[in-house]
Amino acid sequence: MGLNLCVFASGSGSNLKAIIKASLTGRINSRVSLVISNNSGAGALKTAAEYNIPYLHLSQKLFATQKEFTAEILRSLKKHKVNFILLAGYMKMLDPVIIKKFRNRIINIHPALLPKFGGKGMYGIHVHEAVVAANEQITGATIHFVNEVYDSGAVILQKQVRVKPADDAESLQKRVLRAEHKLYPEAIRLFEEKRVRVRKNKVFIK
Ligand code: GAR
């Protein structure tokens, strides 16, 4: 069954683009119905416009209260009939009200093999800097459920990526991003095929 996806993104949006392409080429049956960014200059919003996908710049700063901000997000999700949320480089926490409403229907991609290199401050290039500094030989990407605690939801899929001796954070980021672009559509397919079960914060793939 195809899902109506909303992608939240703050940055360049290369994962968003990979998901849109997977949808257009039939690798997934779901479609991106809405893109939301907290950052008006995000490449992700330009990508959405390019592919004629509805998009919104919604930032807490534009609202008097967190409650109003959250209510506007929920209204937009309803309007676009969104039934599944993807975080793809979204650098903000979603309000617990949204997490509760979409329990086990919000997933995130992280550019390392969680629980390694996760938690506060571990996002984007900082993750790859930490991996290089720790002399890791293997890193990768993780798709996990989003819950109320940063990077702690159950892991759904991981893909390993080799760290080469000459890598710096930038070269590693590029290689990991290529893995991410394959991994996100794979994860979406698992949900389309209803193959993901969660019990006691553990994922079982049928
Ligand atoms: C991706 O590498 C994603 O894994 C990471 O931000 C990048 C966004 O790239 N997310 C995190 O670090 C979350 N903790 P993109 O905008 O090109 O998709």
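In each ligand, atom 1 is the first atom listed, and ligand 1 is the first ligand listed.
At a threshold of 4.5 Å between non-hydrogen side-chain atoms, the residues Ser76 and Leu34 count as touching. Side-chain contact between Leu172 and Val131 is present, with heavy atoms from C-beta onward closer than 4.5 Å.
Considering backbone and side-chain N/O of Tyr123, none are found under 3.5 Å from N/O of ligand 1. Not a single N or O atom of His128, backbone or side chain, sits closer than 3.5 Å to an N or O atom of ligand 1.
Atom 14 (N) of ligand 1 has His110 ND1, 3.3 Å as its closest protein atom, hydrogens excluded (heavy atom only). Closest to atom 10 (N) of ligand 1, if we only count protein heavy atoms, is Ile109 O, 3.6 Å. Counting protein heavy atoms only, atom 7 (C) of ligand 1 is closest to Gly89 CA, 4.2 Å. For atom 11 (C) of ligand 1, the nearest non-hydrogen atom of the protein is Pro111 CD, 3.6 Å. In terms of protein heavy atoms, atom 12 (O) of ligand 1 is closest to Gly124 N, 2.8 Å. When only non-hydrogen protein atoms are considered, atom 16 (O) of ligand 1 lies nearest to Gly13 N, 2.7 Å. Annotation: atom 4 (O) of ligand 1 to nearest protein heavy atom, Glu180 OE1, 2.8 Å.
A salt bridge does not link Asp167 to Arg162: none of the charged nitrogens lies less than 4.0 Å from a carboxylate oxygen.
Taken to the nearest 0.5 Å, the NZ atom of Lys67 stands 15.5 Å off from the CZ atom of Phe69.
Residue-ligand proximity, Met91 to ligand 1, at heavy-atom distances under 4.0 Å covers atoms 6 (O). Near Met122, with a cut-off below 4.0 Å to any heavy atom, the atoms of ligand 1 are 14 (N). Atoms of ligand 1 lying under 4.0 Å from at least one heavy atom of Ser14, given by number and element, are 15 (P), 16 (O), 17 (O), 18 (O).
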Indicate every side-chain donor-acceptor pair of residues 100-107 with a distance under 3.5 Å to a residue at least two apart or in another chain.
unit_1: Arg103; atom_1: NH1; unit_2: Glu148; atom_2: OE1; d: 3.2
unit_1: Arg103; atom_1: NH1; unit_2: Glu148; atom_2: OE2; d: 3.4
unit_1: Arg103; atom_1: NH2; unit_2: Glu148; atom_2: OE2; d: 2.9
unit_1: Arg105; atom_1: NH1; unit_2: Asn83; atom_2: O; d: 3.3
unit_1: Arg105; atom_1: NH2; unit_2: Lys101; atom_2: O; d: 2.9

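Aromatic ring orientation, His110 versus His144: perpendicular (interplanar angle above 60°, classes split at 30° and 60°). Ring-plane geometry between Phe191 and Phe145 is classed as perpendicular, the angle between the planes exceeding 60 degrees on a 0 to 90 degree scale with a lower cut at 30.
For residues 182-196, every residue pair satisfying the side-chain hydrogen bond (donor to acceptor under 3.5 Å, both in side chains) rule, not counting sequence neighbours, is listed here: Ser30-Glu192, Arg189-Glu193, Glu193-Arg195.
Side-chain contact of Asp95 with Thr70: a donor-acceptor pair under 3.5 Å is present, judged by distance alone.
In this structure, Leu177 counts as a contact residue of ligand 1, since one of its heavy atoms falls inside 4.0 Å of the ligand.
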